[in-house]
Amino acid sequence: MDTIWTLKDYATERQVDVPGSAQNYTVRFATMQALLCAAGELADLYDQWDSQHLGYADVDRDAFLFDSRTGRMTFRDDKKIVGRSLALSEKQRIAFYSAPELILGETETLTSESQNWTLAMLLFDLFYHGGHPLSGASSFANVFYSPEQEYLWYASDGIFNMEEFTCRNRPVYGIQGYLIRYWNYYPQVLQDAFTEVFLYGKEDRTRRLSPGQWKRILNEVSSALPCDCGYGGFIQTYITTENGNYRCPRCGKIYYALGCRGRNIYISNGTSIRRCQLDPERPDDREEVAVVVENRQRKGIYGVKNTSDDIWVAVFPDQSRREVAKNQGVPVWPGLSITLPGGDVWHIDQKTEKNNE
């Protein structure tokens with residue numbers, strides 16, 4: 001079975017005939033890690049174009065191909081990559097993935113803000129398979145005589161279909177079933193990001209998230225997907241233990257929350273912590289800086305081992321302090337905090353308990 005499929009195939013969960021079988025194959029990513037990798041590759045590509053003052057006009061979902069096993073992407077529509085100073089034709093402006101200001105003719109060239117809108121739409125397709133984020137009950141109540149007329153309606157009157165405080169344009173059962181099914185599946189940070197772009201960013205272009213901001217969000221989403229046993233759910237789908245930790249529903253592995261200023265990394269034996277998870281300003285830095293290991297003498301007791309060249313400062317529950325150099329570690333204890341270079345302080349608030357693997 002082929003493993004390379006287009007964004008359109010994934011977004012529609014295309015059904016493919018399997019030779020010699022009565023069952024169809026559904027085009028999906030093999031793992032959630034592969035999906036997150038695909039989203040990151042999209043953000044990387046748009047980041048590259050942004051740095052070169054280029055843009056993608058008249059977007060075609062079939063131009064983005066992803067490997068279902070790894071999420072790695074290939075792009076095959078280079079002829080439509082244009083400089084941002086180039087005035088677009090009406091056909092290029094009034095298109096499905098175009099930003100509202102392009103469709104309405106308020107600008108004739110691609111900008112960082114218009115590209116940020118398009119990137120968000122592609123990611124929305126990738127995660128939620130929801131079609132246009134401004135389509136819903138209101139748009140389906142209208143009669144459009146051409147795609148262009150529909151796109152103009154989105155740009156002028158469209159409302160984000162997952163906006164929390166109004167029912168004017170809610171997604172429609174039987175038509176937008178994927179969006180309804182997947183919206184609450186992912187962590188809240190992803191919902192908040194799309195709401196920021198499609199609700200507030202429709203009029204205020206400065207509120208559209210840049211590729212770098214998306215990469216930081218995707219790193220945060222990855223931190224809520226800890227288990228390596230193959231379970232595909234996020235931490236909110238885990239079992240909460242009596243001690244306030246998280247137990248994987250499949251293998252029983254216990255996870256602890258390592259938190260700093262509203263951000264959490266969920267750790268257990270074998271968890272690798274990377275620079276981009278600790279420092280949101282370095283979203284592309286995948287260097288491993290720590291790993292969680294089991295105590296050799298006391299099974300079920302874990303520690304965080306410093307694998308970076310940085311010197312940490314550990315503050316224990318009794319307020320005693322100790323420097324932690326490379327290849328040294330600190331135990332995963334309730335009340336422990338770790339101060340990293342730059343001043344960020346990460347806390348472990350949950351109680352320790354036996355990790356059933």
Side-chain angles (χ1 to χ4, degrees), residues 33 36 187 189 216 218-229 231 234-236 238-248 250-357:
Q33 288 88 343
L36 291 171
V189 64
R216 287 192 285 272
L218 293 171
N219 285 333
E220 189 170 344
V221 173
S222 296
S223 295
L225 181 73
C227 202
D228 54 8
C229 72
Y231 180 71
F234 291 88
I235 200 72
Q236 71 266 24
Y238 282 38
I239 300 165
T240 304
T241 71
E242 292 181 359
N243 291 340
N245 302 308
Y246 304 91
R247 186 189 303 275
C248 174
R250 172 176 288 184
C251 70
K253 195 172 187 177
I254 300 295
Y255 285 84
Y256 307 92
L258 183 64
C260 174
R261 294 185 294 181
R263 293 179 288 126
N264 285 320
I265 302 171
Y266 299 94
I267 61 174
S268 190
N269 185 28
T271 301
S272 178
I273 301 174
R274 302 190 180 276
R275 182 83 62 185
C276 59
Q277 294 175 290
L278 297 177
D279 187 354
E281 298 306 314
R282 300 171 68 173
D284 296 314
D285 193 339
R286 305 294 297 171
E287 175 199 2
E288 181 189 88
V289 294
V291 64
V292 181
V293 296
E294 187 172 27
N295 188 293
R296 293 179 181 178
Q297 283 75 41
R298 302 179 63 187
K299 296 297 182 182
I301 302 299
Y302 300 92
V304 182
K305 178 182 177 181
N306 182 3
T307 60
S308 73
D309 293 324
D310 298 331
I311 303 295
W312 304 347
V313 177
V315 181
F316 292 87
D318 63 0
Q319 299 308 302
S320 62
R321 304 167 70 88
R322 176 163 65 86
E323 288 190 346
V324 183
K326 187 172 184 177
N327 294 324
Q328 295 180 341
V330 290
V332 178
W333 281 352
L336 177 76
S337 65
I338 304 170
T339 302
L340 302 177
D344 281 350
V345 182
W346 290 81
H347 303 274
I348 299 174
D349 296 324
Q350 286 78 6
K351 299 178 181 179
T352 56
E353 60 184 288
K354 179 69 176 178
N355 195 314
N356 299 320
E357 295 189 75

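Side-chain atoms are counted along with the backbone in the values below, which use heavy atoms only and exclude waters and symmetry mates.
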Evaluation steps, side-chain contact (heavy atoms from CB on, under 4.5 Å), between Ile254 and Tyr256: CA-CA 7 Å; Ile254 300 295; Tyr256 307 92; 3.9 Å; yes

Expected output: side-chain Asn219 to main-chain Pro283 donor-acceptor under 3.5 Å: yes

Ser337 side chain vs Trp346 backbone, donor-acceptor pair below 3.5 Å: no

Verdict with reasoning, Asp279 to Asp285, per side-chain contact (heavy atoms from CB on, under 4.5 Å): CA-CA 9 Å; Asp279 187 354; Asp285 193 339; over 6 Å; no

Asn306 (side chain) donor-acceptor with Val324 (main chain) under 3.5 angstrom: yes

Taking every non-hydrogen atom, the tightest pair across Cys276 and Arg286: SG-NH1, 3.2 Å

Arg216 CZ to Leu218 CG distance, which is reported to the nearest 0.5 Å: 11.0 Å

Side chain to side chain, Phe316 and Leu336, heavy atoms closer than 4.5 Å: yes

Over all atoms of both residues, closest heavy-atom pair of Pro317 and Gly335: CG-C, 4.1 Å

Separation between CD1 of Ile265 and CG of Leu278, rounded to the nearest 0.5 Å: 4.5 Å

Trace of the side-chain contact (heavy atoms from CB on, under 4.5 Å) decision for Cys227 with Tyr255: CA-CA 9 Å; Cys227 202; Tyr255 285 84; 3.4 Å; yes

Nearest atoms (heavy-atom pairs only) where Ile235 meets Pro226: CD1-CG, 4.1 Å

Taking every non-hydrogen atom, the tightest pair across Val292 and Asn269: O-OD1, 3.7 Å

Separation of Arg322 CZ from Trp312 CH2 (nearest 0.5 Å): 11.0 Å

Lys253 (side chain) donor-acceptor with Asp228 (main chain) under 3.5 angstrom: no

Neighbour count above 12 (heavy atom, 6.0 Å) for Glu323 CD: no

Distance, nearest 0.5 Å, that separates OG of Ser222 from OH of Tyr266: 13.0 Å

Shortest non-hydrogen contact between Thr307 and Lys326, atoms and distance: O-CE, 3.6 Å

Asp310 and Arg275: CA distance, side-chain angles, deciding distance, side-chain contact (heavy atoms from CB on, under 4.5 Å) verdict: CA-CA 11 Å; Asp310 298 331; Arg275 182 83 62 185; 2.7 Å; yes

Atom pair NZ/CG of Lys305 and Asn327 - distance to nearest 0.5 Å: 5.0 Å

No-hydrogen, no-angle side-chain donor-acceptor test under 3.5 Å, Asn243 and Thr241: no

Main-chain N/O of Gln277 paired to Arg263 side chain as donor or acceptor, under 3.5 Å: yes

